[in-house]
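Structure, as structure tokens:
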Protein chains: 2
Amino acid sequence: MEEKKNLVGGISRKTLERLPMYHHYLERKYREGTETISAPAIALDLQLNEVQVRKDLAMVAKTAGKPKLGYVVKDLIRDMEEFLGFHNTNQAALVGVGSLGKALLSYKGFEQYGVEIVLAFDSDGRRVNTKTGGKPVFPMDKLENLCRRMNIHIGIITVPAEYAQEVCDRLVGGGVRAIWNFAPTHLTVPDHVLVQNENMAVSLAALSKYLYEVDKEGGQWTEEEDH
Amino acid sequence: MEEKKNLVGGISRKTLERLPMYHHYLERKYREGTETISAPAIALDLQLNEVQVRKDLAMVAKTAGKPKLGYVVKDLIRDMEEFLGFHNTNQAALVGVGSLGKALLSYKGFEQYGVEIVLAFDSDGRRVNTKTGGKPVFPMDKLENLCRRMNIHIGIITVPAEYAQEVCDRLVGGGVRAIWNFAPTHLTVPDHVLVQNENMAVSLAALSKYLYEVDKEGGQWTEEEDH
DNA sequence: TAGATTGTTAATCGATTAACAATC
DNA sequence: TAGATTGTTAATCGATTAACAATC
């Protein structure tokens, strides 16, 4: 029985989740003309603890910050992109060209993160051999073969939950090593494959629960109050 | 300065994130004819610790499990849905009818979680006064007014990052108390408003980083190995 | 009964925050 | 220099896991 890993490349999952937030924030600051920035300033804007910011930045920054000055924004952005591997483009295949699949195929913003969707698969004959967002849609039986031949490393699953595991297995069979799963279901994969769940159900549950609580308590509420 | 809350209704965020996973799993089991199920069985299938499963279920279950038997699947599903507030439908407004916005408007699966998108807003005159997924699209200047009049509590943001904060402020101004944010940016909101980030950038960063590491290390890799 | 499974208390683990000396 | 800010070590906090008595 294998351990579930919490670390990706020596960095905790929690830290990794914050990095894109810093990245986006720093890019905006840089566009606005900010040249250097301090950890307390970042912490204030992003509502984080300043020590946490310093520790997070220490994970990625090649050069240390300077007391009284802070960090050089431009260098920080560069180091962060290198750390996250945004410059090594990975090609991805998407399976399931429904409305969500179409939205993802049409979305231009992924390349910035080093991911490019190059082709899609669908079981519906009417969608096969068309193009969506400029990306060709192939029939399912070409999946393993095309993924392997094109050396695709990322699979994006946007099929209904009941087909997700099967699609996942086939992607892994085609040599895919990282899965971005939009189906609201748990996927079982071999150890060397990473599953990243984009779990909308989780968000909805949190929203729903929050509003439910607020209504129940009849207004604003804090966890300190015990009723 | 306010504390960021980690608890929603006396339950830890981590636990809350697992509940939809149990819910989906249990529904499948129930469809397959399973009447009772034990914590170890769930833990095995979902790759969790069995004590964790028991603790999580204890948070939601109205009736205790029975030694040697486990829990009644049907009751568990019912309790979980009640706990998460899936039966109290909340109406939502979506802002930004781009490809992602359209996909969400067309998606039928939200109602199951107690969320119903009833209308949308967009700044593009060509989209205004059309319907997408059967939901009317209104111009931006109607936002606050319509949200308030219709007693909308959930706002869904699918606009580009640079407009997200402004849209967020207006939704809050219209009485929205929970925001589902798809823009890759940090939103600042009053304390009584919950922001749920559906942060694709985070997922992409994790995928990208993982593949980057795997390639660097020349194959499979574990965090135990120090090179 | 025997043993699988429960719920709970205690131990462990990891992540966050506080404290502080170093430094530009 | 003085003080803002750094990086790091120690303390705290919360979540996970292990241990175990209760029970059907």
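On a predicted model such as this, the values are computed, not experimentally measured, just so you know. Residue numbers start from 1 in every chain, and the chains themselves are labelled A, B, ... in the order their sequence lines are given, proteins ahead of strands.
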Q: Go through A:His23 and A:Glu81 one step at a time and tell me if the side chain to side chain donor-acceptor pair (under 3.5 Å) criterion holds.
A: CA-CA 8 Å; A:His23 180 257; A:Glu81 291 180 351; 2.7 Å; yes
Q | side chain to side chain donor-acceptor pair (under 3.5 Å) between A:Ser203 and B:Glu198, intermediate numbers included | A | CA-CA 7 Å; A:Ser203 297; B:Glu198 200 65 54; 2.5 Å; yes
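Look at CD1 on A:Ile42: it is 12 Å from C1' on D:dT5, rounded to the nearest Å. In this entry the distance linking CG of A:Leu44 with P of D:dT5 reads 11 Å, nearest Å. Regarding B:Asn49, its CG atom lies at a distance of 16 Å from the P atom of C:dT12, rounded to whole Å. With rounding to whole Å, A:Leu57 atom CG is found 13 Å from D:dT5 atom C1'. When rounded to the nearest whole Å, the span between NZ of B:Lys14 and C1' of D:dC13 equals 14 Å. The interatomic distance linking A:Ile11 (CD1) with C:dA15 (P) rounds to 11 Å, in whole Å. Atom-to-atom, CG of A:Leu19 to C1' of C:dA15 comes out at 15 Å; the value is rounded to the nearest Å. The CD-C1' distance, from A:Glu50 to C:dC20, rounds to 13 Å in whole Å.
For A:Ser38, whose side chain is taken as the heavy atoms from C-beta onward, the closest listed nucleotide among D:dT6, C:dT6, D:dA18 is D:dT6. Of the candidates D:dT16, C:dT17, D:dA19, D:dT16 carries the atom nearest the B:Gln52 side chain, counting heavy atoms from C-beta on. Between C:dT6, D:dT17, D:dG7, one nucleotide has an atom nearer to the side chain of A:Ala64 than all others, and that is D:dG7. Taking every side-chain heavy atom of B:Arg54 into account, C:dG7 is the closest of D:dA18, D:dT5, C:dG7.
Proximity of A:Ile42 to A:Asp45: side-chain heavy atoms (C-beta onward) are nowhere separated by under 4.5 Å.
Not one N or O on the side chain of A:Asn181 forms a donor-acceptor pair closer than 3.5 Å with the backbone of A:Asn197.
When all heavy atoms are compared, the tightest approach of B:Ala39 to B:Tyr71 is N-CE1, 4.1 Å.
In the interface, the side chain of B:Lys55 is paired with the base of D:dT17 through a donor and an acceptor atom under 3.5 Å apart.
Other residues, nucleotides and ligands contribute at most 12 non-hydrogen atoms within 6.0 Å of the CD atom of A:Glu35. Within 6.0 Å of OH in B:Tyr25 there are more than 12 heavy atoms belonging to other residues, nucleotides or ligands.
Among B:Tyr107, B:Trp180, B:Phe86, the one residue that satisfies the ring pair (Phe, Tyr, Trp, His ring centres under 6.0 Å) test with B:Tyr113 is B:Phe86.
For the pair B:Arg28 and A:Glu162, the salt-bridge criterion is not met [side-chain N within less than 4.0 Å of a carboxylate O].
Taking a 4.0 Å limit (strictly below) on heavy-atom distances, residues 66-82 of chain B reaches DNA chain D at B:Pro67, B:Lys68.
Side-chain N/O atoms of A:Arg18 include one lying less than 4.0 angstrom from OP1 or OP2 on C:dT16.
Secondary-structure annotation of DNA chain D gives the stems C:3-24 with D:3-24, with a stem taken as at least 3 successive Watson-Crick or G-U pairs whose two distances both fall under 3.5 Å.
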